[in-house]
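Reviewing the structure listed below.
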Amino acid sequence: MPKADLTELAVRLEEHLGDPHDPGSRMSYRTILEYDERETYPYDFVGALRAWGVPEYALPGEQGGRAGDVEAEFNLLRLVARRDPTTATALVITNLGFMPLWVAGTDEQKRRMVKDILHGYRLSWGLSERAYGSDLLANAMTAERVDGGYLVTGEKWLIGNATWSDGMTALVRTGERGGPADFSLFVLDKRTAPVGTVEELPRERLHGLRGMDISGLRVEKLFVPESARIGAEGQGLEIALKATQIARAQISGMAMSAVDTGLRLTLDFTEGRILFGRPVSDIPYSRRQITECFADLMVADAVSLGAVRALQVTPEQISIGSSVVKYFVPTLMERSMSQLSVVLGARFFLRGHPHYGVFQKLLRDLLVANFADGNTVVNLRNLGQQLRSLLATATTTPADDGLRRTARERAAVLYGITRSMPTYEPWRQELSSRGRDDTVLAAPDAIARLRALAQERKEEDDERARLLRAAGVATELLDHAGSLATRCEELRSRLGREFGQCAELFDLAKEYCLVHAAAACVLTFVHSHGAMEEPLPSGALLLLQLERLRRHLRPHEAVTDAGDIDEVMRVLRRLHQGDRLFSYWQFPLAPRTVDQAAARH
C-alpha cells in the first residue's frame, strides 16, 4: 500500500477512535482500565473495530478481504495496541487462526472462511498443550481416520480466545512414525459439534492482558470432515511453523505500541513538571534516559520494518527476520519500559491516576510478547541452528558477488517505506534461509551510502559529523560478525555434537541480533530518509540508536555527547508536540481534546 494511502488509513482509524484521554472517546483509557480491573473481555472494543474493518486488512483480497500486503494490518494494530494491547491481541487471534488456511488452504476453503469471518465467525489458534508447551513434536491431540474424515481427541491449553471463538485451527497428530510428518492441521468447528464432544476449559487469570480469554479446549471423538483438513495429511507442522512467522512480526508491534504510549505519558510528566527550577526533561540525566528509550523504540521500529516487509519481499528468508524481531524487540521494549518507569517515578505506581494509570497496565501487558507464538528460547534456538551458515555467508561473500548485489536491491525495498512490494504470498515462506540474510549482506553498501550522504553536507554542518560518526560505529558493529564467526567455529570444534544445544550458542545468536539490528537502522536511514518528514531523518538519532546497540557489547562506553542528546530531544519533542507516532511512519494521531492539567500533578 502506498505510504500516502497507509497514512490516510491510519488517520481515519485514529480519528474514529479519538483521544484516549477523553472519557467520551470510543476507546478511552478510563474504560480500558475499568475492564482491566474487572478482568473483563473487551467485547465492545473488538466488535467496534471489526465493524470499522480492521480485521479485513489481514484477509486475502482475492478471496474477499482487503489485504494485498501485511504492512497495513501491522500498523493498524499498532494504533489499537497503543491504547490497549488486550484489545489488539483479542482482535488479531482470528486472523492468526486463519493464517494456516492462507498458507496452504484451497481457494474454496479460503473463500468460505473469509466469508464466515466477515460475518462474525471467530477462530482461535490451537498449538500448545498443557504437558508439552513449545515442544510441538510431543503434542498428543490425535485424529483417527474414519469414513469421510477423522475423530479428534485431546486437549489444547493456554489458547487465546479458545472459549470466545466459534472454532479452532488445531495442530493434531495423525501419524506415529516419530517425526515432523506425524501432524496435520484441522479446523475444529465448535458450532456443529455434537453435545459431549467439546469441553471449554476454564479461563486462566493473567498478570497482564487481564481481560483476555486465555483458556483451552478438550475434545473427545469429535468428528471432523476431511474438507476441514488444511493441506495434505502430514504437512501440518510445516504449515503451522510458516503461519507463526507472521504472528511473530505482529506481536513485536504490540510491544512497540506499549512503549510509544509509555514514552508519551512520561513526556507529559517531564515536560510540565518543574524540579530545581527547570522541567524534568531538561535535567541532563533524565533527558538522557528519555532519549535512550526513544532511540530503543526507533531501533525496534527499523527492525520491525524489515521483518514485516520481508514477509512479502524475501519470504524465503523470513525464518531469520521473524526470529530476530520476536526475540529482540520484546526484550528491548521491556527494558525501555522499565527505564521509563524510573523517570516517571511515583506516578508509575498510581493505578487510579486519571492520566498515568494506564502505564502500569502497559508494562504488564507487553510481557506477553516475550512468549506468545514462540518464546525467547524458541526464536534464539532457530537463529542458533542457522548461525554458522549466516555468518559464513556474511563474512566471506565478496562485495561484487551476485548475492551481495541481489541483497542490495532487496534491501532498498525492505527498508524503503515508499517502495512498492509484491503481493503477499505466504506459501512462498521457507523454514530455513539457507545462509541468507539480505539485511546483513546489504549493510556494507548502506554504510557507504551513509558516508556519501554525509559528504553532501557542508564541512561545518553538525549533521555531517554525526553521520560520519554513525558510519564508524555501524562499521564496528557489522565487523562484529567476524568475531562471531570465529567464536562459533571454535565452539563447534570444542563441543562437537553438543554444539547445537549449548547455552553459548544462544548467546552468540543474541549478538547476531545486534548486528542485524544495526544494519536495519542504517538501511532504514539511507533508503527512507527522502520519505521522512521533519524532524526526521536525524543523524543524532541514528548515532544514539547505534550507541544503544553497541552498549550491549560495551556497556560503559558512550559515542554521543550532550549536544547529540539535545538534538535527539528536539526531534522527540517535535513528534510529541505534533501528536505523531514515534516511528519512521510518523502517523498523525488523534488530536488531544482534553485538558492536560492532570499530567502535571
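Please read all numbers here as calculations on a predicted model, not as lab measurements.
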Beyond-backbone contact of [X] with [Y], side-chain heavy atoms, under 4.5 angstrom:
X: Pro354; Y: Arg30; answer: no
X: Leu49; Y: Leu17; answer: yes
X: Gln545; Y: Leu549; answer: no
X: Val54; Y: Glu73; answer: no
X: Leu137; Y: Phe183; answer: yes

Do [X] and [Y] get their side chains close enough for a donor-acceptor pair, meaning under 3.5 Å?
X: Ser281; Y: Glu271; result: yes
X: Tyr150; Y: Arg229; result: yes
X: Trp157; Y: Glu204; result: yes
X: Arg364; Y: Gln360; result: yes
X: Glu71; Y: Tyr424; result: no
X: Asp84; Y: Thr87; result: yes

Of all heavy-atom pairs between [X] and [Y], which one has the smallest distance, and what is that distance?
X: Leu123; Y: Thr94; value: N-OG1, 3.2 Å
X: Asp579; Y: Pro591; value: OD2-CA, 4.0 Å
X: Ala517; Y: Val299; value: CB-CG1, 4.3 Å
X: Ala247; Y: Leu96; value: CB-CD2, 3.7 Å
X: Thr163; Y: Asp213; value: N-OD2, 2.9 Å
X: Met27; Y: Ile32; value: O-CD1, 4.0 Å

#### Entry: Test: Asp36 and Arg210 ion pair at under 4.0 Å
yes
### Query
Any salt bridge between Asp268 and Arg347, counting N to O under 4.0 Å?
no
For the backbone of [Y] and the side chain of [X], can you confirm whether one donor and one acceptor N or O come within less than 3.5 Å of each other?
X: His119; Y: Lys115; value: yes
X: Ser304; Y: Asp301; value: no
X: Arg50; Y: Leu91; value: no
X: Asp166; Y: Arg122; value: yes
X: Asn370; Y: Thr376; value: no
X: Lys156; Y: Leu171; value: yes
X: Lys242; Y: Met99; value: no
X: Asp182; Y: Gly178; value: yes
X: Asp365; Y: Leu209; value: yes
X: Gln109; Y: Ser227; value: yes

Could you measure the distance from the [atom1] atom of [X] to the [atom2] atom of [Y]? Nearest 0.5 Å is fine.
X: Phe348; Y: Leu265; atom1: CZ; atom2: CG; value: 12.5 Å
X: Trp164; Y: Ser215; atom1: CH2; atom2: OG; value: 12.0 Å
X: Cys293; Y: Leu340; atom1: SG; atom2: CG; value: 3.5 Å
X: Asp69; Y: Phe74; atom1: CG; atom2: CZ; value: 12.5 Å
X: Asp296; Y: Met333; atom1: CG; atom2: CE; value: 5.5 Å
X: Phe359; Y: Leu363; atom1: CZ; atom2: CG; value: 6.0 Å

### Task
Given side-chain contact (heavy atoms from CB on, under 4.5 Å), test Ser322 with Gln429 step by step and report yes or no.
CA-CA 11 Å; Ser322 65; Gln429 294 169 205; over 6 Å; no
So [X] and [Y], would you call those rings parallel, tilted or perpendicular, with 30° and 60° as cut-offs?
X: Tyr29; Y: His21; result: perpendicular
X: Phe587; Y: Trp585; result: parallel
X: His576; Y: Phe582; result: tilted
X: Trp52; Y: Tyr57; result: tilted

### Task
Take Met113 and Val187 through the test side-chain contact (heavy atoms from CB on, under 4.5 Å) and record every step on the way to the result.
CA-CA 10 Å; Met113 184 57 74; Val187 176; 4.1 Å; yes
### Task
Test Asn95 against Ile246 for side-chain contact (heavy atoms from CB on, under 4.5 Å), laying out the working first.
CA-CA 10 Å; Asn95 298 332; Ile246 186 172; over 6 Å; no
### Glu155: partners by salt bridge (charged side-chain N to carboxylate O under 4.0 Å, His left out), with sequence neighbours left out
Arg130, Arg218
### Query
Got a sec, which residues hit salt bridge (charged side-chain N to carboxylate O under 4.0 Å, His left out) with Glu14, two or more places apart in sequence or on another chain?
Arg82, Arg83
### Task
Output, in order, the C-alpha distance, side-chain angles, deciding distance and verdict of side-chain contact (heavy atoms from CB on, under 4.5 Å) for Tyr35 and Asp44.
CA-CA 11 Å; Tyr35 287 174; Asp44 52 346; 2.6 Å; yes
### Other residues, nucleotides, ligands: >12 heavy atoms within 6.0 Å of Arg205 CZ
no
### Glu200/Lys190 under salt bridge (charged side-chain N to carboxylate O under 4.0 Å, His left out): CA gap, chis, key distance, verdict
CA-CA 10 Å; Glu200 292 170 338; Lys190 291 160 54 178; 2.8 Å; yes
#### Entry: Pairs where residues 255-265 contributes a residue and the test side-chain hydrogen bond (donor to acceptor under 3.5 Å, both in side chains) is met, not counting sequence neighbours
Asp260-Arg264
### Message
As a test of understanding, state which of Lys361, Met256, Glu334, Met254 forms a side-chain contact (heavy atoms from CB on, under 4.5 Å) with Leu366.
### Response
Glu334
